[in-house]
Undergrad: 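Structure in structure tokens, see below.
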Amino acid sequence: MDLVTITQALFMLGFVSMAAGTLYFVLERSELKTEHKATATYAALVTFIAAIFYWQMTQVVSFPGLTDVAAIESTMPIRYLDWLLTTPLLLLEFGIIASLAGAPKGFTYRLVLADLVMIITGYFGEIGAPGTVGNYVNFALSTFAWLYIVYTIWNIKPTKGTVLVKRSVETMKKFVVFGWMIYPIGTATQEFLELSGSDAQTIQLAVCVAAIIYVFADVINKVGFGVVALRAVRK
Ligand code: RET
């Protein structure tokens, strides 16, 4: 089996995971107290949005006129659109649980702002010509915004709430700090591989490896994150 087919199969796995996650969060939502339902709503919105985008990604290889690797490459804007919508929702989901643990109000808005800067400049870095100054400036801005998020989240200390709430906040912090790290690592892996050679085989390896890394990262950071958030508010 070639790498493109494997990538395609993993897009399908991504779709199924997101769809199953959505169903799970919707079913769990009815078990929660009214004031906690919003947590399940955010979690379900994130996986529902991602399911739609993953479905779209599974369709690309059959696009007429695209060679296989170009098709996988063409999923990049879809992925950024997904991140643009889902990462603010994930931060809001974190904000709800963190506020139950006594986190100061208002910090989520600054996080969301930094997050939008991270995704938008990251996208401009991605579409710019590789190796140009503008490109590195965009990636640098994106990285600064990401470091701001990591720094802010890491410094949130749960001070009140149940043991379960406190534990969930600590776990969700680790998702944002370590789980989100997989994305820049995926992008850097692709960039380095592409700098190492411009033959068709290297490009295919670079594009597919990055796409595969993002699928695993997405399932962890969207479905896994939601499961931990719900654990905090379960009756
Ligand atoms: C980019 C560009 C290079 C620099 C950095 C990046 C960070 C991306 C992140 C994405 C997170 C996505 C999530 C998706 C949903 O589950 C844009 C790759 C720092 C952190 C959490």
Side-chain angles (χ1 to χ4, degrees), residues 10-11 13-15 17-22 25 42-54 56-57 73 75-95 108 111-128 130-132 134-154 171-195 206-207 209-229:
L10 284 166
F11 285 162
L13 200 69
F15 167 71
S17 308
M18 297 302 169
T22 308
F25 295 137
Y42 281 115
L45 275 177
V46 166
T47 50
F48 184 66
I49 292 168
I52 297 171
F53 284 125
Y54 267 104
Q56 195 183 5
M57 288 190 227
E73 231 173 341
T75 60
M76 187 275 288
I78 306 176
R79 188 168 301 117
Y80 272 86
L81 216 47
D82 175 300
W83 293 349
L84 188 66
L85 298 176
T86 59
T87 53
L89 289 169
L90 288 168
L91 291 171
L92 293 175
E93 195 178 322
F94 177 79
T108 25
L111 285 180
V112 168
L113 208 66
D115 179 72
L116 294 176
V117 170
M118 175 184 82
I119 302 297
I120 293 168
T121 54
Y123 179 71
F124 283 116
E126 199 98 36
I127 58 172
T132 56
N135 220 32
Y136 287 120
V137 170
N138 277 314
F139 277 135
L141 286 173
S142 182
T143 305
F144 276 123
W146 169 60
L147 290 174
Y148 172 79
I149 297 170
V150 169
Y151 176 80
T152 308
I153 298 256
W154 194 248
T171 309
M172 290 171 87
K173 280 168 64 176
K174 289 186 187 120
F175 273 91
V176 179
V177 173
F178 301 111
W180 287 32
M181 202 181 273
I182 307 171
Y183 298 90
I185 291 174
T187 304
T189 307
Q190 179 171 352
E191 296 275 318
F192 281 126
L193 284 172
E194 282 175 354
L195 286 176
V207 169
V209 164
I212 290 170
I213 290 175
Y214 298 138
V215 176
F216 288 107
D218 272 351
V219 175
I220 294 168
N221 290 307
K222 292 179 163 91
V223 183
F225 193 74
V227 169
V228 175

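Nothing here was measured: the structure is a model prediction, and the numbers come from that model. First listed ligand is number 1; within each ligand, the first listed atom is number 1.
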Undergrad: May I ask which of Ala210, Ala50, Ala217, Pro184 has a heavy atom nearer to atom 7 (C) of ligand 1 than the others do?
TA: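 Looking at heavy atoms only, Pro184 sits closest to atom 7 (C) of ligand 1.
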Undergrad: Side-chain contact, heavy-atom cut-off 4.5 Å: Ile182 with Phe216?
TA: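 SC-SC contact between Ile182 and Phe216 ruled out.
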Undergrad: Under 4.0 Å from a heavy atom of Trp180: give me the atoms of ligand 1 that qualify, with their elements.
TA: 20 (C), 21 (C)
Undergrad: Which residue and atom name correspond to the protein heavy atom nearest atom 11 (C) of ligand 1, and how close is it?
TA: Tyr183 CD1, 3.4 Å
Undergrad: Against heavy atoms of Leu90, which atoms of ligand 1 measure under 4.0 Å?
TA: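 In order of number, 15 (C), 16 (O).
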Undergrad: Under 4.0 Å from any heavy atom of Trp146, which atoms of ligand 1 are there?
TA: 19 (C), 20 (C)
Undergrad: Among protein heavy atoms, which sits nearest to atom 4 (C) of ligand 1, and what does the distance come to when rounded to 0.1 Å?
TA: Ser142 OG, 3.5 Å
Undergrad: I'd like to check which ligand 1 atoms, numbered from 1 as shown, lie under 4.0 Å from a non-hydrogen atom of Thr143.
TA: 4 (C)
Undergrad: Is the shortest distance from a heavy atom of Tyr80 to ligand 1 less than 4.0 Å?
TA: yes
Undergrad: Heavy-atom contacts with Asn221 under 4.0 Å: which atoms of ligand 1 show up? List them by number with element.
TA: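 With Asn221 as reference, the close atoms of ligand 1 come out as 16 (O).
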Undergrad: Under the rule for side chain to side chain donor-acceptor pair (under 3.5 Å), what residues qualify as partners of Thr187, not counting sequence neighbours?
TA: Tyr214
Undergrad: Under the criterion side-chain hydrogen bond (donor to acceptor under 3.5 Å, both in side chains), which of Thr22, Asp82, Thr47 is the partner of Lys222?
TA: Asp82
Undergrad: Under a 4.0 angstrom heavy-atom cut-off, which atoms of ligand 1 come close to Asp218?
TA: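 Answer for ligand 1: 14 (C), 15 (C), 16 (O).
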Undergrad: What atoms of ligand 1 come within less than 4.0 Å of a heavy atom belonging to Phe139?
TA: 2 (C), 3 (C)
Undergrad: For Phe48, does the CZ atom have more than 12 heavy-atom neighbours from other residues, nucleotides or ligands under 6.0 Å away?
TA: no
Undergrad: Tell me which protein heavy atom sits closest to atom 15 (C) of ligand 1, plus the residue, atom name and distance to 0.1 Å.
TA: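 I find the closest protein heavy atom is Lys222 NZ, 3.0 Å.
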Undergrad: Is it the case that the side chains of Asp115 and Tyr148 hold a donor-acceptor pair, with the cut-off being a distance below 3.5 Å and no angle test?
TA: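 Their side chains do not contain a donor-acceptor pair, so the 3.5 Å distance test is not met.
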Undergrad: Step by step, would you call Tyr151 with Trp154 a ring pair (Phe, Tyr, Trp, His ring centres under 6.0 Å)?
TA: CA-CA 5 Å; Tyr151 176 80; Trp154 194 248; over 10 Å; no
Undergrad: Using a 6.0 Å cut-off, check whether atom CZ of Phe178 has over 12 heavy atoms from anything other than its own residue.
TA: yes
Undergrad: I need the atoms of ligand 1 closer than 4.0 Å to a non-hydrogen atom of Thr187, numbered in the order shown.
TA: 18 (C)
Undergrad: Run the side chain to side chain donor-acceptor pair (under 3.5 Å) test against Thr171 and tell me which residues pass, sequence neighbours left out.
TA: none
Undergrad: If you define the side chain from C-beta out and look only at heavy atoms, does anything of Trp146 sit under 4.5 Å from Thr143?
TA: yes
